[in-house]
Every structure is written in C-alpha cells, then in structure tokens.
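Contents: one structure, followed by commentary.
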Amino acid sequence: MHRLNRQFLSDVWKLAKPFWVSEIRWKARGLLAAVVALNLFQVALNVRLNLWRNDFYNALQAYDLHTVLYQLVIFIIIATLFVADAVYAQYLQQMLQILWRRWLVNHYLDSWLAHKAYYRMQLIDGGTDNPDQRISEDLNTFPLNSLNLTLGLMNSIVTLFSFLSILWTISGALTVPLGSGHSVTIPGYALWVAIIYAAIGSYLTIKVGNPLVQLFFNQQRFDADFRYSMVRLRENAESIAFFAGEARERGVFIGFFSWVFDNYWRLMKQQKLLTWFTSSYNQAAVLVPVGMALPLYFSKKIALGGFMQLLEAFGQVQSALSWIVNAYVDIANFQAIVVRLTTFRRHMEDVVPTEEEHMAIRFTANDDGFAVRHLHLKLPDGRTLLDNISLAVPKGHMVLLTGPSGTGKSTLLRAAAHLWPYAEGEIAASFQRPLFMPQRVYMPIGTLRDVVLYPHGATDTTDQEVVDALTRVGLGDFADELHSHDNWAYRLSLGEQQRLNFARILVQNPDGVFMDEATAALDETAESELYAILRTLPERPTVLSVGHRSTLKPFHDTVFDLSQLKPALGVPV
C-alpha cells in the first residue's frame, strides 16, 4: 500500500485543513459531528439487525408464530429508523459537501487571482494545465471523495469492532488434528479466516489496481485538453472561418481526442482486471462463511438463527476488513485529484517567490507623471531585452514608444503593470486610476453598460453618461442596447472594440493610460478622431503608448524609439 504513503496523507491534510480552521469552522464541524453520529447510529442498527436475525430465524425454525409476528414488528421499527437515518445522513453530508466546495472555490479563486497568479503561472515552466477544470471539477470531487472515503473508513472500523465479539462468540473454537493424538484448538476461528481472507484480497487489489492512479490523472488532463481545444474554436470562430480552417481544427480535435481514447482504453483494461478480481473476491466471500457454518449447523451446535447470524457477522467483518478492495477505484481517483490540486496550489504559491526572486523593480510614488529609471528587462530564459532604460512622461503628457517588434515595447508596459517578473530598476508613478488598453480588448460577458464600466467604472455612473461616451467615440448606434446581455466580443468588430476602449476613458476618467497598439484595427481618420478626443479632455491623463504607425507621432508630445537607445545610456530623466 505504498501509494497511501505519508506524503500523500500530508498533501490531503494540507488541502483539507484550511477549511476546518476557517471562519466557518464551527458550522462545518457541527455538520461533520452530526453526520458522524448518524453513521455510527447506522452501525448500531446493523448490530441490532444482526441480533434480530438470530431471534427471527430461531422462532421461524420453532414454528413460533407469536414470536415471528413480534419480531416482524421489531424489524419494521428498525427499518424505519434505518431509512430515516440514511436520508438525513446523506442530506447533511451533501450540505457539508457544498459548504466545503463553496469555501474551496472562493479560497482558490482568491489565490488564483491574487498577485496576478493566473497570468504569472503561464510564465513558469511546467505550469498548471487547465486551472479552470481544477477549480470547477476537482474542487467539487475533493470534498465529495474526502467525506465518502473518510466516513466509509470510519464505518468499516466501527463495524469491525462491533461485530468482532459476535463473530468470535458464534463461531466457537475449531480443533485441528495434527496426528499422533495431538491437536490444536483455534478459538474464534471464523474471525481469523475473515482477517486472512481480507488481508490477501486487499494486497492483491492494490497490486492489480495501482496503475489506475496515473491513468485517472491522465484521463482528467486529456479530457480537459480536448474540451479546451473546442473552446478555442468558439473563441476564435471568425478567424477560423475566414481561414477555412475547419479541416485543420478537426485534425487538432481528433489528435486531442485520440489521447482521451487511448488512455481510456488502458483505463478500461486495467479496471477490467480489477473487476475480475474484486467480483470474484466478493462472490467467494459468500461461500466461505457458509462452508464454516454448515458443519456447526448440521452438528446442531447452532440453530438456524445462529447460522444466519454467523453469515451476517462474517459478512460485516469481512466487508469492513475489505474496505480497500471495495473502495480502491475511488481511492485511485482521489489520489489523482489530490495530486492535481496539490500541484495547482504549489504553482500558485510559486509565483510569489518568483516575483521576489526575479522582480527587483522598485515601485515608488511620483507627483509628476510617470518615470522609468535604470530599468533592465529580461526574458524568462535570462536573455537581456532592454538594458538600463530611463525615460520620463510628465503629468498630462503623451509619450509614444516605437521600435521594431521584439524590442521590448509591450514588455515595458507589462513591467509597469506589475506583470513582468524578470526585471529590475525603478518605476515611479502618481496614478490612482490607471487604465491599460491592450490591442486585444477584453470584453466581459454582460450588458453593454457593464462592458464600458469594466474594470473600475463607478456604479453610480448614469446611463446618459455612458450613452454620451459611446456616441462620442462613434458607437452611438448601440445606445439602445445599453442593458442588453450579449457576448460583445462577437457582436463588435475589432475596430468597434477599440473605439469602446476610448469610451472607457471618457466614463472612468483615468489619470494614467497605457496603450498597446490600441488603435491598430482602426483607419487613420478614426484614429485621429479618437486621439483628438484624448488630447482635449479637461483632465488630460498621462499616456504611455506603444505603436508602429508613423501617423501616431503627431498625437504625442514625445516619441521614444527603443531601437535607437544605446545600452547602459538610455534617455536622461
């Protein structure tokens, strides 16, 4: 059972502990206590039912109608309590499960979004694959499997000790002749048979089922990759349609699904082997106690009631000892989930050391615009991108960064936004409400008003203010759809999306704007009109803009060509 090692149990505890010591710990612990109590009561009912079998079948064998009818009434009471217990045990466990899942989702979302981990994790080699699946699916399965396996193990242990004395007492002693007049007496021999039988079955189950852990892990990953490949088709539908790339995309889908299919086929074959063994093991478990009880019954050492009670007690003990056999598929799947969540959590934690290790940028306050002093930018592999760059953008001024692709223009903006960890130097800014405008505009799903106010628009902004901003940037035709819910990334063209970015400036009134090819999808006339709006604002923001077009230069106060800046000299501040 080397897979269930100390490191695995440590990882499970690290994943589970924060919830049980969280701000809702008392509610969670109360629910858990109630669920545990109901499960223990269920074991007690099973013990009582075992005793009932002895009384009922003895009365049946004696043709005692009065006692038989009395025992049937007892059974109805036990069965009623059993049903009520099962209903509320499941209900309260599901309540605890969804409470745990909600807390985990909130906790992991906070960690994923904090320090821009969702972005920085992409820069780390071997980053987490499909974090969306780990949050949506693995965080659902982890509480479910944790509770099911823990409660199942607890029930098995309590059941084992509850039926030990019953099985020990009923089976009596077995005398085994050794020859020459010698013999050995084995007290409670049925109990020892159950222990040996379950131990052999558990060992063989682990040997046969061990490969399932990696197969389950791979299956979750391959399914997520296949699903994500189709999501990308939906996100880039127009581009693919223009390229007529359906055949190419189908090849990609089939390639991803081939991994799903091949791994699932291996999973099927491994589960088939395990099912052959576990099914045979469970069927044989029916015959073993019968073989032990029949000699006692026909020698009249036990009555029919004792015979049935022995079968039931052996089954309970054997089942409790065979917990691993019966739950191994769930255990293997749970181990795969724990590995996925553990690596996800570690990678989210890694981005903070990565920032401290690689990012030596000092972010300071500046009362007069934006300044970069002795900035060094590197690529993740350590190569230098920009060396000792210094520049200043006075408050209210507009500065254009130009240069060939690959000179570090966009990376400089990422460093200013605290996104690029491979940098050192100083960045000083006075911005309280900065707005970043990438070339590919992000359009959240929601109303058009929500899109314009994203991300920092005031909630008390009036509809008329939003309409005025849309009209001013050339999107007045959409004024009647201000409260329409839609996927606006599909509704609006790239040019219209970039116009909407300027509407955000009008509504949100930022004091600093970072623009990365923010008008690349617009014609020169539209570009001129939008920059004219920007320059005539009553409170002009400080603007640092990246672009290639020569037509952008007249709209800026200063132009810095990064390809002309000599290393170690930069631009005087």
Side-chain angles (χ1 to χ4, degrees), residues 4 6-50 77-114 134-164 316 319-321 323-324 326-327 329-331 333-342 344-345 348-349:
L4 292 177
R6 184 175 299 177
Q7 181 59 51
F8 169 72
L9 296 177
S10 175
D11 289 340
V12 173
W13 178 239
K14 288 178 182 178
L15 293 172
K17 179 183 176 181
F19 171 69
W20 297 105
V21 297
S22 68
E23 66 283 357
I24 58 172
R25 60 187 179 277
W26 294 117
K27 183 177 182 180
R29 293 174 186 178
L31 282 172
L32 180 61
V35 172
V36 169
L38 289 171
N39 276 267
L40 293 178
F41 184 60
Q42 191 174 72
V43 175
L45 290 175
N46 279 326
V47 173
R48 181 63 186 88
L49 196 60
N50 180 266
I77 296 174
I78 296 175
T80 301
L81 292 174
F82 206 98
V83 170
D85 181 90
V87 168
Y88 282 98
Q90 181 187 42
Y91 177 73
L92 293 180
Q93 182 176 331
Q94 288 176 334
M95 184 185 298
L96 177 58
Q97 176 193 338
I98 193 62
L99 186 71
W100 194 353
R101 182 187 181 187
R102 182 178 67 178
W103 188 91
L104 282 172
V105 167
N106 288 331
H107 181 70
Y108 273 74
L109 283 177
D110 289 343
S111 299
W112 193 39
L113 297 175
R134 304 195 185 197
I135 293 175
S136 64
E137 295 184 16
D138 291 348
L139 290 184
N140 174 39
T141 310
F142 178 75
L144 174 63
N145 282 8
S146 295
L147 292 172
N148 285 342
L149 292 175
T150 302
L151 293 172
L153 178 59
M154 181 200 70
N155 282 353
S156 295
I157 293 173
V158 175
T159 297
L160 173 63
F161 285 100
S162 298
F163 282 90
L164 278 177
Q316 291 285 356
S319 179
L321 291 170
W323 177 76
I324 292 178
N326 298 323
V329 172
D330 291 334
I331 294 173
N333 189 31
F334 182 61
Q335 289 182 78
I337 291 169
V338 169
V339 171
R340 289 174 58 80
L341 289 178
T342 298
F344 185 28
R345 176 180 55 82
M348 287 192 293
E349 293 172 351

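When reading the values below, keep in mind they use all heavy atoms of this one structure, side chains included, and skip hydrogens, waters and symmetry mates. Numbers here simply count residues along the sequence, with the first being 1.
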Sub-4.5 Å side-chain heavy-atom contact between F344 and I135: yes
Heavy-atom side-chain proximity of W13 to F8 below 4.5 angstrom: no
I need the [X] [atom1] to [Y] [atom2] distance, nearest 0.5 Å.
{"X": "L45", "Y": "L40", "atom1": "CG", "atom2": "CG", "value": "11.0 Å"}
{"X": "I78", "Y": "R48", "atom1": "CD1", "atom2": "CZ", "value": "4.5 Å"}
{"X": "Y91", "Y": "L96", "atom1": "OH", "atom2": "CG", "value": "12.5 Å"}
{"X": "Q335", "Y": "D11", "atom1": "CD", "atom2": "CG", "value": "10.5 Å"}
{"X": "L104", "Y": "N140", "atom1": "CG", "atom2": "CG", "value": "10.0 Å"}
{"X": "I324", "Y": "D330", "atom1": "CD1", "atom2": "CG", "value": "13.0 Å"}

Counting N and O atoms only, with roles assigned by atom type, does the side chain of [X] sit under 3.5 Å from a partner on the main chain of [Y], one being a donor and the other an acceptor?
{"X": "R101", "Y": "L144", "value": "no"}
{"X": "R102", "Y": "L99", "value": "no"}
{"X": "D85", "Y": "L81", "value": "no"}

To check you understand the geometry: which heavy-atom pair defines the closest contact between [X] and [Y], and what is its length?
{"X": "P18", "Y": "K14", "result": "CD-O, 3.2 Å"}
{"X": "S156", "Y": "A320", "result": "O-CB, 3.1 Å"}
{"X": "V12", "Y": "F142", "result": "O-CZ, 4.1 Å"}
{"X": "L153", "Y": "W323", "result": "N-NE1, 3.4 Å"}
{"X": "A89", "Y": "N39", "result": "CB-ND2, 4.5 Å"}
{"X": "R134", "Y": "L341", "result": "O-CD2, 3.8 Å"}

Could you pull out all donor-acceptor pairs under 3.5 Å where a side-chain atom in residues 26-33 meets a protein atom, sequence neighbours excluded?
| from | atom 1 | to | atom 2 | distance (Å) |
| --- | --- | --- | --- | --- |
| R29 | NE | W20 | O | 3.1 |
| R29 | NH2 | W20 | O | 2.8 |

Short side-chain donor-acceptor distance under 3.5 Å, N148 and Q93: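 Yes - a donor-acceptor pair under 3.5 Å links their side chains.
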Residue pair N46 / Q42, side-chain donor-acceptor N/O under 3.5 Å: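 Per modelled atom types, N46 and Q42 side chains form no pair under 3.5 Å.
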Mutual orientation of the aromatic rings belonging to W100 and F19 [parallel < 30°, tilted 30-60°, perpendicular > 60°]: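 Parallel.
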H107 and W103 aromatic ring geometry - parallel, tilted or perpendicular at 30°/60° bounds: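 Rings of W103 and H107: parallel, as their planes differ by under 30°.
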